Amino acid sequence: QKGARIWGDKVVNFYDSLASLSNFFPEARFVIIWREPAAVFRSIMRAAQGRSWFAQRTGMSFRFLMAHRDLKEQRDRLIRQGARLHEIHYELLVKDPEGTMAGICKFLELPFFSGLASLDGADQSAISEGAHHAMVKGGKIVSSLERPDIVPPHVKRKIDRYVSLWQEQTGGQWPVAW
């Protein structure tokens with residue numbers, strides 16, 4: 001509707017269907033954004049504090065951990081299929097938005113300009129309302145506000161166990177250290 005040549009979606013709901021999307025759109029290019037699992041869960045917990053889909057779910061820690069694993073399996077399938085794939089880390093994106101966005105532009109074969117590394121003037125019409133989106137609705141990309149860690153200790157231990165398992169299963173290759 002806006003005359004765009006390129007469409008992107010940050011919605012996490014595609015974590016288990018990237019290979020299918022690649023089959024349906026064989027010329028598609030995929031940018032996968034990895035994020036440290038405990039940070040993902042902190043974000044989920046903050047989203048659940050408002051009126052949110054996340055607040056209605058039980059077993060969210062297990063669901064998000066399995067989704068993280070499933071995304072890795074989909075990523076591996078994309079590689080085996082020869083799909084065009086670029087991976088970035090959320091933590092690096094917020095620390096170095098200009099360098100990260102320049103890398104994405106190079107991968108997409110698009111010209112880079114510094115405005116791509118800023119939220120100033122960005123079209124935010126697709127971003128749903130909610131306190132958990134307050135930072136993305138700002139004008140500057142920042143890593144986080146200083147906030148207390150709200151992840152319960154037993155969930156942190158669970159996340160650490162899964163990360164250790166995945167590191168063991170992949171010979172230390174995934175998830176990469178943040």
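Reckoned from all heavy atoms, side chains included, excluding hydrogens, waters and symmetry mates. On a predicted model such as this, the values are computed, not experimentally measured, just so you know.
In this structure the side chain of Glu109 reaches within 4.5 angstrom of the side chain of Arg29, judged on heavy atoms. Within the 4.5 Å cutoff, the side chain of Lys95 has no heavy atoms near those of the Leu93 side chain. At least one side-chain heavy atom of Phe64 sits less than 4.5 Å from a side-chain heavy atom of Pro37. Trp34 has its side chain out of reach of Ile88: every pair of non-hydrogen atoms, C-beta onward, lies at least 4.5 Å apart. Residues His89 and Glu36 form no side-chain contact, since every pair of their non-hydrogen atoms from C-beta on lies 4.5 Å or further apart. You'll find the side chain of Arg75 reaches within 4.5 Å of the side chain of Ile79, heavy atoms only. The shortest distance between side-chain heavy atoms of Pro152 and Lys156 does not fall below 4.5 Å.
Judged as a ring pair (Phe, Tyr, Trp, His ring centres under 6.0 Å), and not counting sequence neighbours, Phe30 has no contacts. Not a single ring pair (Phe, Tyr, Trp, His ring centres under 6.0 Å) links Phe112 to another residue, sequence neighbours left out.
Exactly one of Glu73, His68, Gln74, Lys72 qualifies for a side chain to side chain contact (heavy atoms under 4.5 Å, CB included) with Asp70. That residue is Glu73.
If you take OG on Ser164 and CD on Gln169, they are separated by 11.0 Å, rounding to the nearest 0.5 Å. With values rounded to the nearest 0.5 angstrom, Gln81 atom CD is found 11.0 Å from Asp76 atom CG. In this structure, CG in Asn23 is found 11.0 Å from CG in Leu18, a value given to the nearest 0.5 Å. Rounding to the nearest 0.5 Å gives a distance of 5.0 Å between CG of Leu71 and CD1 of Ile32. Arg63 contributes atom CZ, which lies 11.0 Å from atom CD1 of Ile44 (distance to the nearest 0.5 angstrom). The NZ atom of Lys106 sits 15.0 Å away from atom CE of Met101, with the distance rounded to the nearest 0.5 Å.
Ring planes of Trp166 and Trp174: tilted class, angle from 30 to 60°.
The minimum heavy-atom distance between Ala38 and Val151, with the atom names listed, is O-CG2, 4.1 Å. Shortest non-hydrogen contact noted between Glu98 and Ser114 is OE1-CB, 4.0 Å. When every heavy atom of Pro111 is checked against every heavy atom of Leu116, the shortest pair comes out as O-CD1, 4.0 Å. In plain terms, the two heavy atoms of Ala39 and Glu91 that are nearest each other are CB-OE2, 4.2 Å. Nearest heavy atoms, Arg80 versus Arg77: NH2-CG, 2.9 Å.
Linking ILVMFWY side-chain heavy atoms closer than 4.5 Å, directly or via other members, places Val31 and Val94 in a single hydrophobic cluster. Placement of Phe107 and Tyr90 within a single hydrophobic cluster is found when ILVMFWY residues are connected by side-chain heavy-atom separations under 4.5 Å, directly or transitively. Linking Ile, Leu, Val, Met, Phe, Trp and Tyr whenever their side-chain heavy atoms come within less than 4.5 Å puts Val155 and Met45 in one cluster.
Without hydrogens or angle criteria, Gln173 side chain to Gln167 main chain gives no donor-acceptor distance under 3.5 Å.
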